[in-house]
Each structure stands twice: as C-alpha cells, then as structure tokens.
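What follows is one structure encoded as structure tokens, with my remarks underneath.
Remember, it's 1-based here, ligands and their atoms both numbered in the order they're listed. Being a predicted model, the structure only gives us computed values, none of them experimental.
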Amino acid sequence: MSTTPDEPRVDDPRADDRVDEILALLERAGEVDYIGEGVSQLVHALQAADLARRAAADDEAVLAALLHDVGHLCAGPDAPRMGGVGVMCHEEIGAAYLVRLGLPQRVTELVRGHVAAKRYLVSRDSGYLRRLSDASRVTLNHQGGPMSPAERHVFESLPHHEDLLRLRSWDEHAKDPSRSVPDLASYRSLLRICLAER
Ligand code: FE
C-alpha cells in the first residue's frame, strides 16, 4: 500500500478515531484559559510542542510536550480541583487517558512525570522556584511541594528523567501570548504514526 508524504498509511481505522478525539479535545482547549497564565490551554500545548520541535526532540517527546496537560481537559466534571488552578493529579489523569488511547509508553510516562519534574527542580534550585509563574507556584503546593532527598533519588532513577527535565523547560516557556506557532493540524500526521504503530 502506498503512502503520501503528509498522510502515512494507517492500517487500523480506529487510529483515525483516536487521533480525531485527541485533536478535538485540544481544539476545545482554545477556549480554556491556562490556569492563570496569559494563554489558552491550546496555545500552551502548541508552544510547548513547538519548543520541543525546535530543540530537535524526537517524535515521542514532541507529542508528550503537546499532550502534557491533557489531564486538565479530559477530566470529568467531578474531578477534584486545585482551587482555581486546574485539576488535581492532572498528570495521572492525563497519562491514564493516553494509555487508554494507545499512545506509546514513553509519551504516557513523560506526561505522568512532568509534575514530578517541577517538584524535583524546585528542590534542587531555589532560583527555579522564584522563576515559576504565580500559578505554577500555587499548584506546587497542591502537588506536594519540593521533593525530599529520597524522592529526588527515585526521580533520578527514572529511565526518562532527563527527558522529563527537558519537557519541564518547554512547559515553563510555553506561556508567551505574543508568540505564533504552527497550528494543531500540523501534529495530525505525527499522532497517526504513533497510534498506528500500536
Ligand atoms: Fe503545562
């Protein structure tokens, strides 16, 4: 079966349905504020993914950047909230959602770990805490605060911990209301490839 450059072959038609579901969720995020920041959830996701692309990150890391906050979007109405700054345990909710859809394990583990990376960096560097946005400092309190030395040791043993630190950096810098980035459709092909491989 032949493929075109823009539309890789997908044997499993259910992959298209899953891609559509993810893109629709993110599309709706264009109307959702990114918890106290100056951009929408969609813009935040697109800027994070664009930073990953510009850093020549691999496809799975780019998708993790695009999807890292999907837990804020897919959580049900009864999910516990962190006051006005998003869904409690959004990293676990988002990772579980992406596991269910069949994203590669590395993508789901990066999504699951992106809050832990913040807790790690805060515990390593007091300057990092000062550089966090106001909203991110508020959520930190709900997320367990800085890691203990024992928690840091566990974090450093994670197979993707270096990737998690890079993702954290893209996350922190993806809040610029003045920056234009490629749109959501530019990630359709990448999502189809990753889901079709499952
Ligand atoms: Fe984020």
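A cation-pi geometry, defined here as NZ or CZ lying under 6.0 Å from the six-membered ring centre and within 45° of its normal, does not hold between R124 and F155.
Residues passing the side-chain hydrogen bond (donor to acceptor under 3.5 Å, both in side chains) test with R100, sequence neighbours excluded: none.
Ring planes of H68 and H114: perpendicular class, angle over 60° (limits at 30 and 60°).
Salt bridge annotation for R168-E172: present, with a cationic side-chain nitrogen under 4.0 angstrom from a carboxylate oxygen. A salt bridge links D50 to R179: one of the charged nitrogens lies within less than 4.0 Å of a carboxylate oxygen.
Residues S157 and R152 form no side-chain contact, since every pair of their non-hydrogen atoms from C-beta on lies 4.5 Å or further apart.
Distances from the Fe ion (ligand 1) under 2.8 Å pick out these protein N/O/S atoms: Y34 OH, H44 NE2, H68 NE2, D69 OD2, D171 OD1.
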